[in-house]
Enquirer: 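Mind looking over this structure? Questions follow.
Chain letters run A, B, ... following the sequence lines, proteins first, then strands; residues in each count from 1.
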Number of protein chains: 2
Amino acid sequence: MAAPSRARGEYAKTAARRQEILNAATDVFSTSGYHGGSLRDVAERVGLSQAGVLHHFPSKTHLVEAVLAWRDEQSLERIGDRLSAGLDRIRALVDLVAHNQSTPELVELYATLSAEATSPEHPLHDYFVQRYAWVTGYVDNAFADAAATGQLRAGVDPPSAARTLIALMDGLQMQWLFDRSAVDMAAEVRSHVRSLLAVEL
Amino acid sequence: MAAPSRARGEYAKTAARRQEILNAATDVFSTSGYHGGSLRDVAERVGLSQAGVLHHFPSKTHLVEAVLAWRDEQSLERIGDRLSAGLDRIRALVDLVAHNQSTPELVELYATLSAEATSPEHPLHDYFVQRYAWVTGYVDNAFADAAATGQLRAGVDPPSAARTLIALMDGLQMQWLFDRSAVDMAAEVRSHVRSLLAVEL
DNA sequence: GTCTATATACTGATAGAC
DNA sequence: GTCTATCAGTATATAGAC
């Protein structure tokens, strides 16, 4: 069997470089959005030429998609132990909001890109359509589980509760991005969730 | 007294042209944002050259600021009879949400621009900081009035209720922009407000 | 008031040397 | 894997004719 022509260390170096680029790109796209951010900005931060960046990611669109894929993977690792369901899932969500308060950069990334992507021609439009569908379904299932075991206050409709909770989270993020001392996102979300439940959170 | 060198009709024509440009600019900035939208796009829609547009508005920043000033003026005319206070103010807000459902373009304009403007270097950053401060105070006052007359459910904190209501509205708009059949913004807002009140809305 | 022409700068992407 | 050089496209803004 022919061994690969490069030693293992070379691959690791490439992977590390890709990671550096993804980090820099997160910075750039979160502050300037997709349209406003440039490959040259990204390249400069990582000490590479613009063409150097395009060696690792063949286009700007590929790059921004890779950023989101990587960040989603990370979020899933945080939340995503598969046992979580029902109220546990809601608890994990509240914890995620609390955690987000320590990563304004990521919050800004999703807020900025998703707003840009409401336009159907935006390269990330389909990504965010799918993302919203997935998140809504995820939370809806959790509330439906809770309802089935009598943990939901009377009159609370799971699908509506899901839409509302996600909307609240997104909207609080906007206020928080403009003034981080103005809002305690986790506290507001926790208090809202409590108002939906018939049991302790 | 020397009369102006132009007849009244000339001024009216200029004002009409400015208005055409503002309409076109609303279109462009709402779909592409500030960074993504270009003066040439605006000019093309209104049948003018790019330099022609810059005759009426000296820069892109002036133009987008004029768009927002004009739209704010319109919104204030809708909501803004000065007698509205307390619960009436909240009712007017819910009505505004219902009305917004017939103007997706405007909803998109504010959603897109405000997300872009979270970055402090964005030309609209200060505008949106002020806007959020004003809106939050406006709603906070309404809830405080309601609390003082016993119209608020026990345990509801006016500042928190204000932040939460605004967040809910902003967040619902995002979901609605991605899929207008997925959310009934007015219904969700109305139902949320009811859960805060000790009286009928 | 509107145009054409232009200055200046920056964009994403490609070609090819090393 | 990274570079320089470059292309073609677009941007905002200005100068000056009409």
Enquirer: If we ignore hydrogens and angles and just use 3.5 Å, is the side chain of A/Ser191 paired with the main-chain N or O of A/Ala187 as donor and acceptor?
Expert: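 Not confirmed, A/Ser191 side chain does not pair with A/Ala187 backbone.
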
Enquirer: Just the rounded figure in Å: distance from C1' of C/dC10 to CG of A/Asp41.
Expert: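 The distance from CG of A/Asp41 to C1' of C/dC10 comes to 10 Å, rounded to the nearest Å.
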
Enquirer: Taking CG from A/Leu54 and P from C/dT14, how many angstroms apart are they, rounded to a whole number?
Expert: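 Interatomic distance, CG of A/Leu54 to P of C/dT14: 8 Å.
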
Enquirer: Any donor-acceptor pair under 3.5 Å linking the side chain of A/Thr118 with the backbone of A/Ser114?
Expert: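 It does not hold such a pair.
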
Enquirer: Between D/dA13 atom C1' and B/His56 atom NE2, what is the distance in whole Å?
Expert: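 In whole Å, D/dA13 C1' lies 16 Å from B/His56 NE2.
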
Enquirer: Near DNA chain D, counting only heavy atoms under 4.0 Å, which residues of residues 29-39 of chain A show up?
Expert: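 Heavy-atom contacts with DNA chain D come from no residue of residues 29-39 of chain A; none.
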
Enquirer: Test your reading of the model: is there a side-chain donor-acceptor pair from A/Gln173 to the backbone of A/Val107, 3.5 Å cut-off?
Expert: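 No; judged by distance alone, with no hydrogens or angles, the pair does not exist.
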
Enquirer: Any side-chain N or O of B/Thr14 less than 4.0 Å from the OP1 or OP2 oxygen of C/dG1?
Expert: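 For C/dG1, OP1 or OP2 has a side-chain N or O of B/Thr14 closer than 4.0 Å.
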
Enquirer: In whole angstroms, how far is the P atom of D/dG1 from the CD atom of A/Glu20?
Expert: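 It works out to 14 Å between those atoms.
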
Enquirer: Roughly how many Å is it from CD in A/Glu44 to P in C/dC10, rounded to a whole number?
Expert: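 So the CD-P distance, A/Glu44 to C/dC10, works out to 11 Å.
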
Enquirer: Would you please classify the geometry between the B/His125 ring and the A/Phe178 ring as parallel, tilted or perpendicular, with 30° and 60° separating the classes?
Expert: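 Rings of A/Phe178 and B/His125: tilted, as their planes differ by 30° to 60°.
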
Enquirer: Does D/dT2 have OP1 or OP2 sitting under 4.0 Å from an N or O in the side chain of A/His55?
Expert: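 So the side-chain polar atoms of A/His55 never come under 4.0 Å of the phosphate oxygens OP1 or OP2 of D/dT2.
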
Enquirer: Let me have DNA chain C in dot-bracket notation, would you? Count Watson-Crick plus G-U wobble pairs, both distances under 3.5 Å, and use [ ] for pairs crossing earlier ones and | for inter-strand partners.
Expert: |||||||.||||||||||

Enquirer: Could you tell me whether the phosphate oxygens of C/dC3, OP1 or OP2, come under 4.0 Å of any side-chain nitrogen or oxygen in B/Ser49?
Expert: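 Answer is yes, contact under 4.0 Å.
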
Enquirer: Check the orientation of A/His192 and B/His192. Use parallel for under 30°, tilted for 30 to 60°, and perpendicular for over 60°.
Expert: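 Ring orientation of A/His192 relative to B/His192: tilted.
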
Enquirer: I'd like to know if the side chain of B/Lys60 and the backbone of B/Tyr34 have a donor-acceptor N/O pair within less than 3.5 Å.
Expert: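 Yes; judged by distance alone, with no hydrogens or angles, the pair exists.
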
Enquirer: If you take atom types as modelled and just measure distance, does the side chain of B/Gln50 reach the base of D/dA11 with a donor-acceptor pair under 3.5 Å?
Expert: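 No, the side chain and the base share no sub-3.5 Å donor-acceptor pair.
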
Enquirer: Distance alone, cut at 3.5 Å: any donor-acceptor contact between the side chains of A/Glu105 and A/Thr103?
Expert: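 No.
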
Enquirer: Once you round it to whole Å, what is the distance between C1' of C/dG12 and NZ of A/Lys60?
Expert: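 From A/Lys60 NZ to C/dG12 C1': 8 Å.
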
Enquirer: Hey, are B/Asp72 and B/Arg131 close enough for a salt bridge, meaning a charged N less than 4.0 Å from a carboxylate O?
Expert: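 Result for this pair is yes, salt bridge flagged.
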
Enquirer: Is there, by distance only and without an angle test, a donor paired with an acceptor across the side chain of A/Arg40 and the base of C/dG12 below 3.5 Å?
Expert: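 Checked by distance alone, the answer is yes.
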
Enquirer: Please say whether more than 12 non-hydrogen atoms of neighbouring residues, nucleotides or ligands are located less than 6.0 Å from CD in B/Glu44.
Expert: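 Open.
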
Enquirer: Atom NE2 of A/His62 and atom P of C/dA13: how far apart are they, to the nearest Å?
Expert: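 Whole-Å distance recorded here is 10 Å.
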
